[in-house]
Amino acid sequence: MAENKELSRGKQLREALQYKRKNGYDCLREGDLDKMEAYCEGYKKYLDAGKTERECVDYTVAMAEAAGFRAYERGMALKPGDKVYRINRGKAIMLAVMGRKGLEHGVNIAAAHIDSPRLDLKQNPLYEAEELAFFKTHYYGGIRKYQWMTIPLELHGVVVLKDGTSLNVSVGSEAGDPLFTITDLLPHLGASQAGKKLNEAFPAENLNILVGSRPLADDEDSDRVKIAVLDLLNRKYGMVEEDFISAELAAVPAYKACDIGFDRSLIGAYGHDDRVCAYASLAALLELDVPERTAVCMLADKEEIGSEGVSGMQSSAFDTFVGDLCESQQVRLDVCFERSFCLSADVTAAYDPDYAEVYEKRNSALVNYGMGLCKYTGARGKSGASDASAEVVGYVRRVLDKAGVVWQMAELGKVDAGGGGTVACYMANRNIDTIDAGVPVLSMHAPFETVGKLDCYMTYRGMKVIFEEE
Ligand code: MN
Ligand code: MN
C-alpha cells in the first residue's frame with residue numbers, strides 16, 4: 001500500500017510540476033478541424049496568388065478592400081473601427097484597424113514579411129551559349145543552391161521601359177504558359193562534382209535559367225537563339241534588351257500549394273517563409289470589428305536580405321504610417337511606440353528527425369505542436385536577437401492560454417549549428433516590446449517548404465487574440 005501511495009504521489013507531483021508538451025491534435029476543440037481546413041484553403045489561394053512581394057501586396061489589397069479597408073490619405077479623420085491601409089512602393093503594406101482607445105495607449109502590431117528566397121535576374125541577364133539561351137541570376141536570400149536546379153520555374157516581376165512605362169511580367173502561372181529550368185549534371189559525369197563540398201559544388205554563376213533553343217530562321221549571324229528570344233519579348237512586352245537594366249524579374253518555383261500526406265495534414269508550397277505568418281496576421285486583422293487598441297498589420301519586404309532598403313522593416317515608412325495615424329489624434333509617435341506590443345510574425349524551424357544532429361530537441365519546435373514562440377533568435381550567443389523579456393513572454397503565454405491557442409516555445413537548432421534573424425530587433429529598436437512567433441517549417445528556404453495545417457491555424461488564432469488584447 002505504502003508503495004502505491006508513493007507512486008501516486010510521484011504521479012501527482014509530475015502532473016502538478018512538470019512541463020509536458022502535447023501534440024496539438026490532442027488539444028483541439030469541437031469544430032476546430034473544420035475551421036482549420038477552411039482557413040488553410042484560403043491560405044493556399046494566397047500562396048498561389050502571391051509568388052513575389054508585389055503580388056502579395058496586390059492580393060492583400062484586394063482582400064482588404066473586400067473587408068472594408070480603404071487607402072489611407074494623410075490627414076484623413078479616423079474613428080474607432082475605421083480600417084485603412086498604405087502601400088509602400090508596391091512591395092510592402094501596412095494595414096490598421098482603429099481601436100476604441102487613443103493611440104497614446106499604444107497599438108498591437110503583427111509584423112510579417114512577404115519576400116521569399118528566389119532567383120533574381122541580373123541586370124544584363126540574357127546570353128547565348130552553344131545555341132541555347134539563358135538568363136544569368138543572382139540569388140535573393142539564403143538558399144541551398146542545389147535545391148533550385150532541375151525544378152520548374154516561373155518568371156515574375158516588372159520591367160520599366162525607357163519611356164517610363166512599367167509592365168508586369170508573369171510567365172508560368174497561367175495554364176498553358178511555358179516554364180523555365182536550370183539544368184544540372186547527369187550522375188554519369190558527376191564523379192568530380194560529387195567529391196566537392198556542397199557549398200562549392202554548385203557555383204552561383206551556374207544558376208543560369210534555360211529560356212530558349214530555337215534559332216532565328218533565315219539568319220546566318222551569331223546569337224540566333226538569343227535574338228529570337230528578344231524578338232518574342234519585344235512582341236509580347238514591347239521591350240528591348242536594354243530594358244532589362246530597369247527590370248526586377250525573379251524566377252520562382254512553379255509549384256502550386258498542395259496538401260501533403262495521406263491524411264492531408266500538411267501543406268507543401270513555395271514561400272511559406274513568411275507568407276504563412278503574413279496570411280495569419282492579415283486574416284486575423286481583417287476579422288476585427290472595433291478592437292480596444294488599434295491593431296496594425298505590417299507586411300514587410302527585404303527581410304530575407306536583412307530588412308534593409310526603403311521597403312524593408314528598417315525603413316521609416318512604418319514610422320511615417322503610424323506617425324500619421326498618431327498625428328490625427330495629436331499623439332506623439334514615441335509615446336505610442338513605448339506602449340505598443342509587437343508579434344514579429346515569422347517562421348521557425350520545425351524539428352526534422354532526418355537531421356536530428358542539428359536540433360536540440362528539448363527546445364525545438366515540433367510540427368503540430370502549435371504556434372512557435374521564440375524569446376530570441378540570432379546566432380553565436382544570441383547575436384542579432386532582440387531577446388524578449390520574461391515579462392513579455394509571460395504576457396503572451398497568458399493571452400494564448402486564456403484563449404486556448406496551442407503554442408510551443410521554439411529555438412531554431414543547436415547553438416553551435418547556426419542561427420538566423422527576423423524583423424524583431426528592428427521593432428524592438430523602436431522601443432516596442434516584441435517577441436517572435438510563427439509557424440514551424442520543414443525544409444525552410446527550399447523551393448518547396450512544408451508546414452502543418454494545425455500550426456498555420458493556431459498561428460492565425462494567436463494573432464487574433466493578440467490583436468484583441470486591451
Ligand atoms: Mn522569415
Ligand atoms: Mn527566411
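Numbering of ligands and ligand atoms starts at 1, following listing order. Worth saying up front: this structure is predicted, and the values here are computed from it rather than measured.
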Using modelled atom types only, decide if a donor and an acceptor are shared between the side chain of H445 and the backbone of G142 within a distance under 3.5 Å.
yes
In sequence, state the C-alpha distance, the side-chain angles, and the governing distance for Y46 and Y59, and then conclude on ring pair (Phe, Tyr, Trp, His ring centres under 6.0 Å).
CA-CA 7 Å; Y46 190 79; Y59 196 72; 5.7 Å; yes
Parallel, tilted or perpendicular: rings of F318 and F337 (30°, 60°)
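Because their plane-to-plane angle is under 30°, the rings of F337 and F318 count as parallel.
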Within less than 2.8 Å of the Mn ion (ligand 1), any N, O or S from [X]?
X    : result
D274 : no
E304 : no
C277 : no

Among the N, O or S atoms of D346, which one sits nearest to the Mn ion (ligand 1)?
OD1
Please name the atom of D273, restricted to N, O or S, that is closest to the Mn ion (ligand 1).
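Looking at D273, the N, O or S atom with the least distance to the Mn ion (ligand 1) is OD1.
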Pair Y279 + Y39: ring centers closer than 6.0 Å:
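Ring centroids of Y279 and Y39 are less than 6.0 Å from each other.
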Is the distance between the ring centroids of Y43 and Y460 under 6.0 Å?
no
Tell me whether the Mn ion (ligand 2) has H445 as a neighbour, meaning an N, O or S atom of it below 2.8 Å.
yes
